[in-house]
Amino acid sequence: MPVITLPDGAERAYDHPVSGADIAADISKSLAKKAIAMKVDGELMDLDHVVEKDAQVALVTRDDEEGLELIRHDAAHLLAQAVQALYPDTQVTIGPVIEDGFFYDFARDEPFSTEDFEKIEQKMKELVDADLPTRKEVWPRAEAIARFEALGEHYKAEIIRDLPEDEEIKVYHHGDWYDLCRGPHLPSTKHIGKAFKLMKLAGAYWRGDHRNAVLQRIYGTAWANEKQLKQYLHRLEEAEKRDHRKLGKEMDLFHLQDEAQGSVFWHPNGYTMWVELEAYIRRRLNDDGYVEVKTPQLIDAKLWEKSGHWGKYSQNMFVVPDDVPDTVSDGATFDPDAKLMALKPMNCPAHVQIFNQGIKSYRDLPMRMAEFGCCHRNEPHGALHGIMRVRQFTQDDAHIFCRWDQIAEETKKFCALASSVYEDLGFEDVRIALATRPEMRIGTDEEWDRMERVLGDALTDAGLDYEVLEGEGAFYAPKLEYHLRDAIGRSWQCGTLQLDPLLPERLDATFIDEDGSKQRPVMLHRAILGSMERFIGMLIENHAGRMPLWLSPTQAVVTTITSDADAYAQEVAEALTKVGLRAKADTRNEKINYKVREHSNAKVPAILVCGGREAEERTVSIRRLGSKENRTISLDQAIDELVKEATPPDLR
RNA sequence: GCUGCUGUAGCUCAGAGGUAGAGCACUCCCUUGGUAAGGGAGAGGUCGAGAGUUCAAUUCUCUCCAGCAGCACCA
């Protein structure tokens, strides 16, 4: 005889087993209508699940966060059902809930087209209107496999075969159609509602493995109501407006072209941002005890062989024969025996070379060696993305050579610096991950325990939350990853800290310890911005192009109302330039409206308008980007204000 | 690299089997206007590259290249 405890603490005793629907009906009519599932002792269940023992029960409605997930999950099933109704030759596979929606992967010989979406959505809506009830069955394993195989659903059969032996094989029926699923599901298709939309079509490998068949993935979004759906679509539109590729063009920051695919042409505006950012991070590194170096771009393949990169990554390196090519014919031919050089894909082996010059003492450690290192990696073509993922990039790279007992301290120091930099640069949504031992690895479990613990503890000591990415570490050591989000919600790795005992070993780095013995240092590979290119992309998107004054390519434009004030405007612009501000005078024969609009669109943070009055009084009318107001203040005051704001955050 | 889509003026895009159009930007002229587009004129394109079908291709077909979305990859 179950006693049901509700979330508010109220208890209801029943003299018979009760379903969620019964409990809801018991509480109120409206709840009976709204409830779509329930939680029993914290576990999500179908609403018709029967509770036989005492339990904590919470009813889930479509307005709950969990309710929304269930809607999306059901929408995925609905999509599969609609697709199979329209295209019977299609096999279903998996269809999980993802952020803001869901997808479903289908196997079908003929490709889908986004033009099919309308038809599929129509069918989905018909199925919602049909209000097909949900019914769960548990099938014996062998029977389930046989039945799905008989239907030609080989992927489903494979999924069942791979389920753990003790797992119940649950099959959910929505009317005549059914699908293997762990559930729970809404009571009927009506509850899904119609606030969904199919979004995009893409190929995806079965089980995420590129050696497997490519399935056709349909992405959709689903919400509790139309209003939420509209808001979401609007959010996407807004996000598009802050896309760094679009803003890069509009603000004349950089461009990309076919002849240098994956490498950035930085225009004066964009490079100004680069220079400011680089200067900033250089100061931060200096203050934290780093020394800066510069190492070669082209390095003999022999060194890459020694470091181990050649064996693992030569496919992704740009290799150049050290030979004068024969260009008599159209192409260029090289001596097949020519020595091979490679454009460096990373800086670490070169840094070890510097470390290895002379004899190092324990007194030299920790040695923090930084380089704005320009690296080349031959990335897969499909991976390239604006300036976020490129083939030539510059890292704010550094390697810390230290003793094992210094790792914790150095990691803590790094975490503090990274947090401070992200804060200075205006990033709030920073996720930290600890990537732990992968399946293929070297070293003993004890060593991995120790390394993972050192990094985890350093984060905890620094008061930082982090998630664990199981098995995502490098094959020789775990690493920390700092992920920032772009405008469309995509996550990019920027900062990283990686423990590396292997490379010093391979390249024979040593130091003389206190007791006079020769020891191996350990290396910490670390970056905060990651790649300058990617980070500037993130900055652009994070600020929607409205950069803080210190990073703005043009900080102020001085513009005139009539040509009478031209001379004064020139004088103002010169005064601003003289104190180090990036200012321009705009004395074109255009109306003030036109000029204000143009400079606002170009995202110039400050427009200083000068007319006859200002010239006479030696004032400026200052208008800040994003504000419709303007203030008339003295030139001195304006300069003062702008200079203060243009000071980089670390120098304030 | 894989799947699907796209490629027309500097930018955003329209168009059609008979060798191209708009708006903005650009150049020149008029306009001296107080805070988000004043008016007029002009210039600008081998329609991504190559091959094929056709009397005729930028339009149809194929191959390649690049971009976009996702997947895989990311030392």
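Below, each value reflects all heavy atoms present in this structure, side chains not excepted, and no hydrogens, waters or symmetry copies. Just so we're clear, the structure is a prediction, and the values are computed from it rather than from any experiment. Note on naming: letters A, B, ... go to the chains in the order of the sequence lines (proteins, then strands), and numbering restarts at 1 for each one.
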> Check whether any side-chain nitrogen or oxygen of A:Tyr594 sits under 4.0 Å from OP1 or OP2 of B:A25, and answer yes or no.
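Yes, within the criterion.
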> Applying a 4.0 Å non-hydrogen cut-off, can you work out what A:Asn316 is touching in the nucleic acid: base, sugar-phosphate, or nothing?
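Contact class for A:Asn316: base.
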> Less than 4.0 Å between a side-chain N and a carboxylate O, is that true for A:Arg526 and A:Asp397?
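No, this pair does not count.
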> Ignoring hydrogens and geometry beyond distance, is the side chain of A:Tyr205 in donor-acceptor contact with the base of B:G70 at under 3.5 Å?
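Not at all, since no donor on one side and acceptor on the other fall under 3.5 Å apart.
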> I'd like to know if A:Lys306 pairs up with A:Asp508 as an ion pair, taking the criterion as any Lys NZ or Arg NE/NH1/NH2 lying under 4.0 Å from an Asp or Glu carboxylate oxygen.
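Not counted as a salt bridge, because no side-chain N and carboxylate O are separated by less than 4.0 Å.
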> Distance between the C1' atoms of B:C24 and B:A9, in whole angstroms?
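Here B:C24 and B:A9 have their C1' atoms 12 Å from each other.
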> Establish, with yes or no, whether the OP1 or OP2 oxygen of B:A36 is under 4.0 angstrom from a side-chain nitrogen or oxygen of A:Asn593.
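A:Asn593 to B:A36 OP1/OP2: side-chain N or O found under 4.0 Å.
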> Would you mind reporting whether A:Met346 and A:Pro349 have side-chain heavy atoms less than 4.5 Å apart?
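Contact flag for A:Pro349/A:Met346 side chains = yes.
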> May I ask you to verify whether the side chain of A:Arg623 and the base of B:A36 hold a donor-acceptor pair under 3.5 Å?
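Looking at the base of B:A36, it does pair with a donor or acceptor on the side chain of A:Arg623 (distance under 3.5 Å).
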> Centre-to-centre under 6.0 Å for A:Phe265 and A:Phe254, is that the case here?
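Ring centroids of A:Phe265 and A:Phe254 are no less than 6.0 Å from each other.
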> Under 4.0 Å between a side-chain N or O of A:Gln261 and OP1 or OP2 of B:A66?
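So the side-chain polar atoms of A:Gln261 do come within 4.0 Å of the phosphate oxygens OP1 or OP2 of B:A66, strictly under.
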> Looking across every strand, which nucleic acid part, if any, lies under 4.0 Å from A:Gln498 by heavy atom: base, sugar-phosphate, or nothing?
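Since only primed, P, OP1 and OP2 atoms lie under 4.0 Å of A:Gln498, the category is sugar-phosphate.
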> Reckon A:Arg245 has a side-chain N or O less than 4.0 Å from the OP1 or OP2 of B:A69?
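Yes.
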> Give one of base, sugar-phosphate or nothing for A:His385, where a contact means two heavy atoms less than 4.0 Å apart.
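Touches sugar-phosphate only.
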> Could you work out which one of B:A36, B:U35, B:A75 sits closest to the side chain of A:Val609?
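Of the options given, the side chain of A:Val609 lies nearest B:U35.
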> Side-chain donor or acceptor of A:Arg389 under 3.5 Å from a matching atom on the base of B:C73?
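Answer is yes: a donor-acceptor pair is held.
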> What is the pairing partner of B:G21, taking Watson-Crick or G-U wobble pairs with both distances under 3.5 Å in any strand?
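Partner of B:G21: B:C13.
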> Check this one for me: any side-chain N or O of A:Lys249 less than 4.0 Å away from OP1 or OP2 of B:U12?
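For B:U12, OP1/OP2 do have a side-chain N/O of A:Lys249 under 4.0 Å.
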> Answer yes or no: does a side-chain N or O of A:His381 lie under 4.0 Å from OP1 or OP2 of B:G67?
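No, A:His381 has no side-chain N/O under 4.0 Å of OP1/OP2 on B:G67.
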> Taking NZ, NE, NH1 and NH2 as the nitrogens, is one of them in A:Lys246 or A:Glu250 under 4.0 Å from a carboxylate oxygen of the other?
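Result for this pair is yes, salt bridge flagged.
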> When the C1' atoms of B:U58 and B:G50 are considered, how many whole Å apart are they?
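Going atom to atom, C1' in each nucleotide, I get 14 Å.
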> Can you tell me how far P in B:A69 sits from the matching atom in B:U12, rounded to whole Å?
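Those two atoms are separated by 14 Å.
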> Among B:G1, B:G34, B:G70, which nucleotide has an atom closest to any side-chain atom of A:Arg613?
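The answer is B:G34.
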> For the base of B:G67, is there a side-chain donor-acceptor partner from A:Gln257 under 3.5 Å away?
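Looking at the base of B:G67, it does not pair with any donor or acceptor on the side chain of A:Gln257 (distance under 3.5 Å).
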> In plain terms, say whether A:Glu472 and A:Arg437 are close enough for a salt bridge, that is, a side-chain N and a carboxylate O under 4.0 Å apart.
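So A:Glu472 does not pair with A:Arg437 through a salt bridge.
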> Could you check whether A:Lys312 gets within reach of a base, just the sugar-phosphate, or nothing at all, counting any heavy atom under 4.0 Å?
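It contacts nothing in the nucleic acid.
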> Within the modelled atom types, does a donor on one side and an acceptor on the other bring the side chain of A:Arg377 and the base of B:C74 under 3.5 Å apart?
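Side chain to base: no pair below 3.5 Å.
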